[in-house]
There are 2 protein chains.
Amino acid sequence: MNILEKITQNKAAFSKSEKKVAEVILANPQTAIHSSIATLAKMSDVSEPTVNRFCRRLDTKGFPDFKLHLAQSLANGTPYVNRHVDENDSPDEYTNKIFESTMASLEVARQSVDVNVVNRVVDLLTQAQKISFFGLGASASVAHDALNKFFRFNVPVVYFEDILMQRMSCMNCSDGDVVVLISHTGRTKSLVEIAQIARMNDATVVGITSADSPLAQECSYVLSLEVPEDTDMYMPMASRIAQLTLIDVLATGFTLRRGNKFRENLKRVKDTLRGSRFEKRND
Amino acid sequence: MNILEKITQNKAAFSKSEKKVAEVILANPQTAIHSSIATLAKMSDVSEPTVNRFCRRLDTKGFPDFKLHLAQSLANGTPYVNRHVDENDSPDEYTNKIFESTMASLEVARQSVDVNVVNRVVDLLTQAQKISFFGLGASASVAHDALNKFFRFNVPVVYFEDILMQRMSCMNCSDGDVVVLISHTGRTKSLVEIAQIARMNDATVVGITSADSPLAQECSYVLSLEVPEDTDMYMPMASRIAQLTLIDVLATGFTLRRGNKFRENLKRVKDTLRGSRFEKRND
DNA sequence: TAAAAAATGTCAAAAAATTACATTTTTCTT
DNA sequence: AAGAAAAATGTAATTTTTTGACATTTTTTA
């Protein structure tokens, strides 16, 4: 677990002197890992044993061990903490916080993905007669994106924003059709109904949603993503990104399964777009 | 740079005893970071100063510093790099690679964002009479997502997929309107034209695109994102994610600028959705 | 094969971290 | 509000760890 996060969380439980140490470290963790216990004690204006006790309170074996943990938290690419945006953050601060917490969420999402289900779903998709992507609200744009990706594969793909169109589309499903439903909470009533309709018409229903949700229960396969959402913002943020990345994974699996010739096909699709673009200068 | 890779690379240049140390470390790096120089020396069957010299050969300040570097290389998620998906990757492998390279791209994107422009654009958006989001192809879903976010702010927001609707919408722009155009390459002809139309009608045009592109040149403000795209896949992947994250940043900046009361408003919007959802059980 | 250079080890000094204990501060009880 | 108990903090000594100086061994080269 990220020790910077841990320091922030436990801050309330620290004593006065320990708080001083915590602040010095949080203010400049990069310096902290390159300091000796004496230097850090001086910077925090406390004694050396206090620093040592601070380290042990964080369940490390001592100061050197603490530095090791800190170094890992600071390692390149290790996203910091799920840092919450604060009322008074400067543009610089909230920009970095959002990027960082998005990266952190992706890491969590990555660990929650069940690769076996991914594999199974890729199987299904490659064999599908028709693939539908549906989502509502924030998840609609994810479905929209999936359309854009899978459309390039020259497979019959369906995407509707309109809920009635979605229902009608599912009514016409048949064996061999795959319906992918996207919802972070998995509690949107209309989407759960759509899952039911699709299943009644023999389609295979894949849910990109959280486990144990009503939607998950109606699906043939569930690709569950456990993403911590910063509810203070009242907006879906990290969940969408995780869903999109999962779509990327599915699309990639799809192309790999189809093999080399298929990828040449993709290149042709991309080349077709060239006419609509300005040429890139070769400086 | 990853020190484990460095050890592997420099292996040839090491002396006999240093090689012994290298092998012990490579065989079990996790143990190495928790050992003292004495323990490691014994394990490698060399003297302590030899271990120390080994560390310095790798451009570290000494043994403790070396352990810090090693700890960082071992940190969760660090084998970062832009790992390319390979023909024969297993589902497990390509899933992890895609998540990792997406995170890596976000890190690159984060560093390329100009915070001053972000701040300026947030300014503009909060004062806009009408905000439009347009994108084509893969960027359409990003615009779609932006619609979903900004719609909650109770600001007039416009989004069209249809290129003619986009043009007409821009023809009707006036002073105080902001048009946000999204394009990874910035070379899509129709989008560049839309930028021109919008500007002719006194709208402020913000581009989320790559710097120095034809689109960038037509914009009043450019939020440039430099994202390395894995062109082998012939699909936009990381670029979208970076664009979406930037949208999140803008949306967050917007709510922060509007202050506390405004956020209560957002909560109300979210609560309105409750009726359309299944209640969450309280276990 | 001998001399030079490089590598390695021994041992002592220096630096860093930790422990034991004394002192101070805070908290709780009456 | 005073005093006792508990918690927190600091001082100083001790231990551990790392590093440096120098001697010895090994390797290289002429």
Side-chain angles (χ1 to χ4, degrees), chain A residues 3 6-74, chain B residues 3 6-74:
Chain A
I3 201 138
K6 210 167 176 179
I7 296 174
T8 317
Q9 281 179 3
N10 290 29
K11 211 166 181 181
F14 288 150
S15 72
K16 204 170 15 170
S17 305
E18 283 168 347
K19 260 181 210 142
K20 285 201 243 173
V21 180
E23 264 154 38
V24 170
I25 290 170
L26 288 176
N28 210 337
Q30 206 56 249
T31 309
I33 60 170
H34 291 113
S35 309
S36 72
I37 196 167
T39 315
L40 198 60
K42 207 167 281 171
M43 285 199 292
S44 316
D45 194 31
V46 298
S47 71
E48 298 176 25
T50 299
V51 176
N52 196 273
R53 284 188 278 259
F54 168 86
C55 297
R56 294 207 174 136
R57 194 173 294 274
L58 290 157
D59 299 317
T60 63
K61 289 175 77 181
F63 184 70
D65 189 41
F66 168 79
K67 284 209 288 191
L68 247 41
H69 282 266
L70 191 57
Q72 296 203 324
S73 302
L74 260 43
Chain B
I3 201 140
K6 208 168 177 180
I7 296 174
T8 318
Q9 281 178 4
N10 290 28
K11 212 167 178 181
F14 289 148
S15 72
K16 203 168 17 166
S17 305
E18 283 168 346
K19 260 181 209 143
K20 284 200 246 174
V21 180
E23 264 155 38
V24 170
I25 290 170
L26 289 175
N28 210 337
Q30 207 55 250
T31 308
I33 60 171
H34 292 113
S35 309
S36 71
I37 197 168
T39 315
L40 197 60
K42 206 167 282 174
M43 286 200 292
S44 316
D45 195 32
V46 299
S47 72
E48 297 174 25
T50 300
V51 176
N52 197 275
R53 285 187 278 258
F54 167 85
C55 298
R56 297 209 172 134
R57 193 173 295 273
L58 290 157
D59 299 316
T60 63
K61 289 175 76 181
F63 185 67
D65 190 42
F66 169 79
K67 283 209 287 192
L68 248 41
H69 281 267
L70 190 57
Q72 297 203 323
S73 303
L74 259 42

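Hydrogens, waters and symmetry mates are skipped; everything else that's a heavy atom, side chains included, is used. Lettering of chains follows the sequences in order, A, B, ..., and the numbering in each one begins at 1.
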Inset, instruction - Would you classify B/P49 as touching base, sugar-phosphate or nothing, given that sugar-phosphate means primed atoms plus P, OP1 and OP2, and contacts are heavy atoms under 4.0 Å? - result: base
Legend entry - Nearest-angstrom distance from the residue atom CD of A/E18 to P of C/dT25: 17 Å
Inset, instruction - Write down the distance between CZ (A/F14) and P (C/dT26), rounded to a whole number of angstrom. - result: 19 Å
Inset, instruction - Ignoring backbone atoms, test whether A/T50 places a side-chain nitrogen or oxygen under 4.0 Å from the OP1 or OP2 oxygen of D/dG10. - result: yes
Legend entry - Nucleotide nearest B/K16 when distance is taken to its side chain, options C/dA17, C/dT8, D/dG10: C/dT8
Inset, instruction - Using whole Å, report how far CD of B/E48 lies from P of C/dT10. - result: 10 Å
Inset, instruction - Report the nucleotide, chosen from C/dA17, C/dT19, D/dA8, that has the shortest atom-to-atom distance to any side-chain atom of A/S15. - result: D/dA8
Legend entry - Distance in angstrom units between A/I33 CD1 and C/dA17 P, rounded: 14 Å
Legend entry - Spacing between A/F66 atom CZ and C/dA16 atom P, to the nearest angstrom: 18 Å
Inset, instruction - For A/D45 and for B/N52, find the nucleotide of DNA chain D with the closest heavy atom, then tell me which residue's nucleotide is more 5'. - result: A/D45
Legend entry - Nucleotide nearest A/I37 when distance is taken to its side chain, options C/dT8, D/dG20, C/dT18: C/dT18
Legend entry - Spacing of B/K20 atom NZ relative to D/dT26 atom P, expressed in whole Å: 12 Å
Legend entry - Inter-residue atom distance B/N52.CG - B/R57.CZ, 0.5 Å rounding: 12.0 Å
Legend entry - Positive for side chain to side chain contact (heavy atoms under 4.5 Å, CB included) with A/C55, one of A/L70, A/D65, A/T60: A/T60
Legend entry - Nucleotide nearest A/F63 when distance is taken to its side chain, options C/dT18, D/dT18, C/dT19: C/dT18
Legend entry - Pair of N/O donor and acceptor under 3.5 Å linking C/dG9 base with B/R53 side chain: yes
Inset, instruction - Report the nucleotide, chosen from C/dT19, D/dA8, C/dT10, that has the shortest atom-to-atom distance to any side-chain atom of A/R56. - result: C/dT19
Legend entry - Minimum-distance nucleotide (side-chain atoms of A/S17 versus C/dT10, C/dT8, D/dT9): D/dT9
Inset, instruction - Write down the distance between CG (A/L68) and P (C/dA17), rounded to a whole number of angstrom. - result: 12 Å
Legend entry - Spacing of A/F63 atom CZ and A/F54 atom CZ [to the nearest 0.5 Å]: 10.0 Å
Legend entry - Spacing of A/L40 atom CG relative to C/dT18 atom P, expressed in whole Å: 13 Å
Legend entry - Closest listed nucleotide, where the reference is the side chain of A/S47 and the choices are C/dG9, D/dT17, D/dT11: D/dT11
Inset, instruction - Return yes when atom NZ of A/K42 has more than 12 non-hydrogen atoms of other residues, nucleotides or ligands closer than 6.0 Å, and no otherwise. - result: no
Inset, instruction - Identify whether the distance between the nearest side-chain nitrogen and carboxylate oxygen of A/R53 and A/E18 falls below 4.0 Å. - result: no
